[in-house]
Amino acid sequence: MMDKETVVNAINEMEPAMLQTWQKLVDRDCGPDDKAGVDAVGRDVQHFLEPLGFHVRFHTYEKAGNMLVAEYGDMTRPFIILTGHMDTVFAKETAAERPFQITGDKVTGPGVLDMKGGLTILLHVVKLLISQGYDRYPIKIILAGDEETGHRNSNGGKDYMEEAKGALMGFNLETGFPDNGIVIERKGVAQYQFDVDGIGAHAGNNPKDGRSAVIELCHKALDMESLTDYEEGTTVNVGVFSGGTVANAIPEHASCRVDVRYSREEGIERVEKAFREIAAKTYVQGTKTHVQCLVKVSSMERLPASETLFHRAEKIAKEWNLPDMKAIAVGGGSDSAYLTRAGIPTLCALGVKGEFNHTVREWADKKSLTERAKLLAALLLQL
């Protein structure tokens with residue numbers, strides 16, 4: 001087995017190559033409206049991994065970026081999963097407008113933090129270990145092409161669950177936190193659209209002929225918000241509300257978008273049942289309400305085995321003189337949920353550290369690129 005000093009020195013020396021890969025990935029558009037771009041990233045990863053001895057295959061989807069699966073070693077044995085995603089939230093041409101840039105220790109560009117930095121770490125760590133004869137465990141790499149949209153146009157969630165069978169543990173190279181938090185629990189995320197059809201009428205000449213879609217939806221928005229249960233870990237937020245056209249007309253249409261965060265599957269099941277009942281109920285006679293789910297990402301439930309895995313990882317990090325870690329729970333979802341649903345102990349947020357995902361202010365800490373590479377190498381070698 002490679003010793004600590006050899007690994008640390010090798011990772012320090014490969015930083016320039018890692019930066020080149022990071023830049024290549026960031027400067028390729030691969031947002032939710034760019035399946036071709038996401039699939040091109042998949043081919044980039046394929047061309048990186050196959051010379052190392054990985055068998056690479058894809059789950060292909062018509063309306064979403066494909067999912068890459070790469071396997072190394074005897075996959076009939078218990079294996080380790082390294083995972084993440086290749087897509088970003090940014091539209092086409094964003095990479096040309098805001099390309100990869102390093103200013104001091106800050107790195108910027110679309111997806112630099114979420115999660116091209118983590119993908120870079122994953123690729124170069126496995127390249128280093130395999131070049132040194134790594135055979136401790138078989139490795140399966142799963143990279144989604146539509147994580148940011150919650151797999152709404154693919155079978156990505158189901159495919160994750162199938163691919164995870166037989167895994168010993170999982171590591172997600174998602175966005176790292178500046179305080180060195182390692183995620184062992186995430187809330188699930190779901191969003192819904194409510195649309196109400198009423199009857200339009202002139203507010204002065206014939207108001208009694210109208211049926212206000214806005215009033216109907218106002219009543220229902222209060223019903224939705226009342227479903228929040230902090231003790232259960234479920235919150236409901238009516239985040240966008242619109243309706244009507246002019247002040248002197250009874251509004252014929254109204255709509256809202258609702259965000260739900262949940263810690264457990266029973267929480268979202270309760271809310272979805274209530275949403276159907278709310279849609280069926282009528283406050284203003286003559287109105288009709290329709291509800292649809294726009295996106296749903298399962299919760300990453302806290303497993304006792306994940307807590308045990310974290311404490312073992314924490315000990316290894318200290319032995320390698322890496323920064324102290326802390327186990328955290330967060331409100332944002334990730335595909336780690338599919339691993340914990342399969343009962344696999346999982347550590348998430350092992351990628352580069354930074355802030356402001358999904359915004360033009362997104363940045364990553366350049367120093368964390370090699371720091372987190374050392375951490376992942378240490379975990380693969382010693383856990």
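A quick note: this is a predicted structure, and the numbers were derived from the prediction, not measured. Numbers here simply count residues along the sequence, with the first being 1.
Residue-environment remark: CD (Glu265) exceeds the threshold of 12 foreign heavy atoms within 6.0 Å. The environment of Arg77 atom CZ is dense: over 12 non-hydrogen atoms of other residues, nucleotides or ligands sit within 6.0 angstrom. Remark: Lys24 NZ is loosely packed, at most 12 non-hydrogen atoms of other residues, nucleotides or ligands lying under 6.0 Å away.
Scanning for side-chain contact (heavy atoms from CB on, under 4.5 Å) contacts around Ala305 gives Pro345, with sequence neighbours left out. For the side-chain contact (heavy atoms from CB on, under 4.5 Å) test, no residue two or more places apart in sequence or in another chain qualifies with Leu222.
Residues Asp229 and Thr234 bring no donor and acceptor atom of their side chains to less than 3.5 Å of each other. At a cut-off of 3.5 Å, with distance as the only test, a side-chain donor of Asp335 or His151 sits close to an acceptor on the other residue. Side chains of Asn66 and His59: no donor on one and acceptor on the other come within 3.5 Å. Residues Thr235 and Thr228 have side chains that never bring a donor and an acceptor to within less than 3.5 angstrom of each other. Lys63 and Ser154 share no donor-acceptor pair across their side chains, judged by distance under 3.5 Å alone. Looking only at atom types and distance, the side chain of Thr149 has no donor-acceptor partner in the side chain of Asp146 under 3.5 Å away. Counting only N and O atoms by type, the side chains of Asp195 and Gln193 include a donor and acceptor under 3.5 Å apart.
Taking a 4.5 Å side-chain heavy-atom cut-off between Ile, Leu, Val, Met, Phe, Trp and Tyr, the cluster of Val89 extends to Phe90.
Residue Ala64 comes nearest to Asn153 through the heavy atom pair CB-O, 4.0 Å, listed as atom of the first residue, atom of the second, then distance. Nearest approach of Met224 to Val258, heavy atoms of both residues: SD-CG2, 3.5 Å. Taking each heavy atom of Ser298 and Ala337 in turn, the nearest pair found is O-CB, 3.0 Å. When all heavy atoms are compared, the tightest approach of Lys374 to Asn12 is NZ-OD1, 2.9 Å.
A 4.5 Å side-chain heavy-atom check between Val352 and Arg372 finds every atom pair outside the cut-off. Looking at heavy atoms from C-beta onward, Val107 lies in side-chain contact with Phe100 at the 4.5 angstrom threshold.
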Practice item. For side-chain hydrogen bond (donor to acceptor under 3.5 Å, both in side chains), just list the numbers for Asp159 and Tyr61, CA-CA rounded to whole Å, side-chain angles, deciding distance to a tenth of an Å, and then say yes or no. Key: CA-CA 11 Å; Asp159 291 336; Tyr61 312 117; 2.6 Å; yes
Practice item. Applying side-chain hydrogen bond (donor to acceptor under 3.5 Å, both in side chains), run through Tyr160 and Lys158 and close with a yes or a no. Key: CA-CA 5 Å; Tyr160 248 109; Lys158 180 180 177 181; over 6 Å; no
**Study point:** Check against side-chain hydrogen bond (donor to acceptor under 3.5 Å, both in side chains), His85 and Glu174
**Key:** CA-CA 8 Å; His85 62 91; Glu174 266 282 11; 3.1 Å; yes
Check your understanding: Under the side-chain hydrogen bond (donor to acceptor under 3.5 Å, both in side chains) criterion, do Asp259 and Gln191 qualify, and how do the steps go?
Key -> CA-CA 5 Å; Asp259 180 275; Gln191 293 187 354; 3.3 Å; yes
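A salt bridge does not link Lys288 with Glu216: none of the charged nitrogens is closer than 4.0 Å to a carboxylate oxygen. Using a cutoff of 4.0 Å between basic side-chain nitrogens and carboxylate oxygens, Asp33 and Lys92 are not scored as salt-bridged. Looking at Glu163 and Lys140, a side-chain N of the basic residue comes within less than 4.0 Å of a carboxylate O on the acidic one, giving a salt bridge. Using a 4.0 Å cut-off between a side-chain N of Lys or Arg and a carboxylate O of Asp or Glu, Lys326 and Asp179 qualify as a salt bridge. Ion pairing between a basic and an acidic side chain is recognised when a charged N comes within 4.0 Å of a carboxylate O; Lys296 and Glu272 show such pairing. Here Glu371 does not pair with Lys367 in a salt bridge; the nearest charged N to carboxylate O distance is not below 4.0 Å. Salt bridge status for Asp39 with Arg43: absent, with no side-chain N to carboxylate O gap under 4.0 Å. A salt bridge does not link Glu301 to Arg341: none of the charged side-chain nitrogens sits closer than 4.0 Å to a carboxylate oxygen. Checked for salt-bridge contact, Glu162 and Lys165 meet the test: a charged N lies under 4.0 Å from a carboxylate O.
Tyr72 and Phe54 have tilted rings, their planes meeting at an angle from 30° to 60° on a 0 to 90° scale. By the 30° and 60° cut-offs, the orientation of the rings of His219 relative to Tyr283 is parallel.
Remark: the backbone N or O of Ile142 is paired with a side-chain donor or acceptor of Thr83 at under 3.5 angstrom.
Distance CD/Glu147 to OG/Ser336: 9.0 Å, rounded to 0.5 Å.
By the criterion of side-chain heavy atoms lying less than 4.5 angstrom apart, applied directly or through intervening Ile, Leu, Val, Met, Phe, Trp or Tyr residues, Ile11 is grouped together with Ile121 in one hydrophobic cluster. In this structure, Leu339 is a member of the same hydrophobic cluster as Met161, with clusters built from ILVMFWY side-chain heavy atoms closer than 4.5 Å.
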